[in-house]
2 protein chains.
Amino acid sequence: MNMNDESNDRKINMKMLARELNLSIATVSRALKDSYEVSDQTKARVKEAAARLNYVVNTQASSLRSHKTYTLAIVVPEIGDSFFTQVINGIESVADKKKYRVLICMTHDSYEREMSVINELTNGRVDGVLISVASNTRNGDHFNALKRKGIPIVFFDRDFKEINAASVKTDDFESAYNATCHLLDNGCKKISLITVRGGVSIFSAREEGYRQALIDNHSKPGLPDIIHCANEHSADNIAMIRDHLLKARPDGLLLTVEHLSTDAYTACQLIGLKIPADIKIACFTTQLTAGILNPALTTIQQPAFEMGQKAAELLIEYLTYKYIQLENQHLVLPSKLIIRDSTGLR
Amino acid sequence: MNMNDESNDRKINMKMLARELNLSIATVSRALKDSYEVSDQTKARVKEAAARLNYVVNTQASSLRSHKTYTLAIVVPEIGDSFFTQVINGIESVADKKKYRVLICMTHDSYEREMSVINELTNGRVDGVLISVASNTRNGDHFNALKRKGIPIVFFDRDFKEINAASVKTDDFESAYNATCHLLDNGCKKISLITVRGGVSIFSAREEGYRQALIDNHSKPGLPDIIHCANEHSADNIAMIRDHLLKARPDGLLLTVEHLSTDAYTACQLIGLKIPADIKIACFTTQLTAGILNPALTTIQQPAFEMGQKAAELLIEYLTYKYIQLENQHLVLPSKLIIRDSTGLR
DNA sequence: TTTATCTACGTAAACGTTTACATTTTAAAC
DNA sequence: GTTTAAAATGTAAACGTTTACGTAGATAAA
């Protein structure tokens with residue numbers, strides 16, 4: 001007896017279903033899709049048989065023929081942090097409702113991998129792609145290639161400005177501005193921005209917001225003070241932040257990426273800085289644990305889940321009725337500054 | 001001019017590539033797959049042309065014909081928490097290396113959705129599935145149906161014991177046992193287990209570990225004390241935990257699921273219980289922020305990423321060389337008890 | 001009755017690959 | 001210069017759907 005002798009169900013396809021019912025396979029196909037061309041009686045018979053025999057349509061064949069995959073690609077740098085996770089949940093929640101499935105692709109925040117992923121997706125495997133671009137993406141040719149193949153793109157959070165495509169973002173400039181003002185209001189004299197190197201627009205917008213807030217508040221010379229974290233290994237970031245804290249001695253920190261929160265807290269612990277007494281910290285993050293950190297972290301909370309929902313709605317809307325001009329859709333959702341102990345007096 | 005007039009690249013397929021090169025499409029196909037049947041010279045020509053014309057193989061057609069999709073389904077309850085996120089990262093890291101893509105399906109921890117997802121996957125859309133079962137799954141018929149279609153299954157973390165399939169899990173009994181002992185050692189007299197209702201084996205294993213630790217340590221009467229959280233809305237969980245704290249007055253808490261950490265901390269805050277002075281807490285979680293919580297949380301840290309890697313390796317190993325007996329593979333990875341302030345004296 | 005319209009279904013050609021099998025070309029052996 | 005084997009290529013039939021087009025029968029209009 002063969003070890004791998006799984007007694008397979010005779011794989012059931014439309015042909016067999018048709019034979020069973022004494023119908024042509026065309027009629028079966030139509031019946032399953034509720035076509036007006038088939039009688040109610042026949043539809044019922046077909047559906048009954050399909051259910052009884054556990055028939056489920058072969059998606060490869062179906063989409064090969066129909067050029068419709070009911071699949072969306074989600075391309076993200078990572079799913080390690082809670083932001084992208086929540087966005088994905090948002091996307092999935094609406095995709096699922098509309099009978100779409102999602103293919104997750106990670107770029108590991110690398111331009112090269114992003115190109116190769118996007119290039120692969122030109123083969124018609126998905127109906128559209130939702131993407132948050134890698135932070136070192138400098139060139140948008142791969143996006144244009146995708147568009148030329150007729151595959152629509154929706155950017156979320158991190159878009160690529162040279163490309164004309166729909167986007168769903170948050171108010172990066174304003175929220176960075178507000179957070180910086182909040183730090184200043186709470187007595188900070190020397191606020192550093194800890195951010196990430198790269199051409200992604202959200203980071204420059206946040207940086208601009210920070211700069212403008214300093215300007216508008218007549219900040220001391222020496223500012224702005226911006227350091228760029230390597231973004232790869234946590235240990236490297238911690239070291240960089242620690243060195244900066246020792247050298248520049250800031251009394252306020254604005255962090256533009258989620259995972260920097262842990263790094264910054266750790267760096268402060270290492271050199272014995274008390275938050276918020278010695279230094280106040282605010283961070284762009286959607287981490288659920290922000291409220292129970294030590295101390296509770298003031299956050300710029302982006303509506304991650306809603307962002308995913310909106311992006312998916314836009315894309316699916318376009319895919320089902322082509323009448324919206326997808327490329328002109330640019331949504332900006334407001335973030336919320338949630339003030340907690342890390343910027344408080346205590 | 002048509003609004004939707006995307007000047008599509010003439011979609012390039014093998015036929016066109018073949019014509020361009022004055023070759024048959026069979027030879028082109030073989031050349032692209034590095035078949036020994038085609039000369040090095042021709043291979044080079046074909047590959048050059050493919051690259052130049054941005055040809056990328058149509059996966060639908062390819063897998064329709066070859067019955068190989070190079071796609072894995074990952075079926076999880078949610079991806080909201082860091083545990084599943086890390087597992088997915090682990091899976092993706094090895095899948096990507098082996099040229100597989102991943103389709104993410106969420107069950108929202110519901111048996112019905114799990115059935116419908118698994119049922120859909122019987123259509124040959126994926127080569128195999130990696131799954132962590134919903135907590136209220138009572139019946140494994142859908143898994144058997146999948147197996148009968150010849151689609152292999154690997155369970156990770158939460159398996160379904162009635163089904164004969166590969167699994168990668170952690171030492172749930174032992175780690176719950178050890179964590180409970182740790183709480184007892186640190187002076188707890190009355191430890192409650194906060195867990196989740198459902199038939200999933202990991203929860204019963206953790207419960208057993210907890211029970212056995214109490215027995216072995218001659219715990220007081222009144223124990224064990226176990227409450228089951230609704231698992232749906234955070235607010236409900238917080239209320240349940242708060243009520244329990246007020247009524248049963250435990251001095252130790254063992255939490256079996258990640259998202260309960262925030263809920264438990266919040267409940268304690270609400271009624272003014274100091275951690276760890278009034279109550280000590282340990283939790284099964286892989287949250288990165290555990291160390292910077294207030295207070296830092298003692299965790300049973302599961303090797304989530306490795307778990308994903310192992311599960312994917314097993315599955316892909318089986319898919320590429322069918323000679324391993326997949327169903328007999330049962331890996332158990334050790335968790336680590338990471339002791340922090342939440343169970344300390346302070 | 002004839003013709004037109006509508007309803008319900010069937011036929012067969014795609015979709016873009018892979019692959020068993022057949023054929024040609026090249027090289028080796030005689 | 002045959003014959004034989006090996007190497008390189010070609011032919012055509014799948015894979016399981018969808019869908020343009022065709023058609024038979026029923027009903028309505030003339």
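Because only heavy atoms are used, hydrogens play no part in the values below, and waters and symmetry mates are left out as well, while side chains stay in. Naming convention: chains lettered A, B, ... in sequence-line order (proteins, then strands); numbering from 1 in each chain.
Here B:D127 pairs with B:K68, B:T69 under the side chain to side chain donor-acceptor pair (under 3.5 Å) rule; sequence neighbours left out. With sequence neighbours excluded, the residues satisfying side-chain contact (heavy atoms from CB on, under 4.5 Å) with A:E306 are A:P303, A:Q309, A:L333. Taking the side chain to side chain donor-acceptor pair (under 3.5 Å) definition, one finds that A:E313 meets it with nothing, sequence neighbours left out. With sequence neighbours left out, A:F155 forms a ring pair (Phe, Tyr, Trp, His ring centres under 6.0 Å) with A:F143. Applying the side-chain contact (heavy atoms from CB on, under 4.5 Å) rule to A:E162 yields the partners A:F160; only residues at least two apart in sequence or on another chain are considered. Scanning for side-chain contact (heavy atoms from CB on, under 4.5 Å) contacts around A:D34 gives A:K43, A:K47, with sequence neighbours left out. For B:V57, the side-chain contact (heavy atoms from CB on, under 4.5 Å) partners two or more places apart in sequence, or in a different chain, are B:Y55, B:S62. Residues satisfying the side chain to side chain donor-acceptor pair (under 3.5 Å) criterion with B:R101, sequence neighbours excluded, are A:E120, B:D96. Applying the side chain to side chain donor-acceptor pair (under 3.5 Å) criterion to A:R65, with sequence neighbours excluded, gives no partner residue.
A:N13 places a side-chain N or O within 3.5 Å of a backbone atom of A:M16 that can act as its donor or acceptor partner.
The CG-P distance, from B:L32 to D:dA8, rounds to 17 Å in whole Å. Rounded to an integer number of Å, the gap from A:R19 CZ to C:dG10 P is 14 Å. Atom CD in B:Q41 sits about 17 Å away from atom P in D:dA7, given to the nearest Å. Here the P atom of nucleotide C:dT25 and the CG atom of B:L23 are 14 Å apart, to the nearest Å.
A:K169 and A:S201 share a side-chain donor-acceptor pair at under 3.5 Å.
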I'd like a table of atom pairs between the protein and nucleotides 25-27 of chain D - only N or O on both sides, under 3.5 Å - with the distance next to each one.
none

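Comparing the start and finish of the helix from C:dT1-D:dA30 to C:dC30-D:dG1, five pairs each, the helix axis swings through 50°, to the nearest 10 degrees.
Within the nucleic acid shown, A:T42 comes within 4.0 Å of sugar-phosphate atoms alone, with no base atom in reach, counting heavy atoms only.
Within the structure, a side-chain polar atom (N or O) of A:S39 is placed less than 4.0 Å from OP1 or OP2 of C:dC9.
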Self-check item: Nucleic acid footprint by protein, nucleotides 15-23 of chain D - heavy-atom cut-off 4.0 Å, B for base, S for sugar-phosphate alone
Solution: BBBBBB---
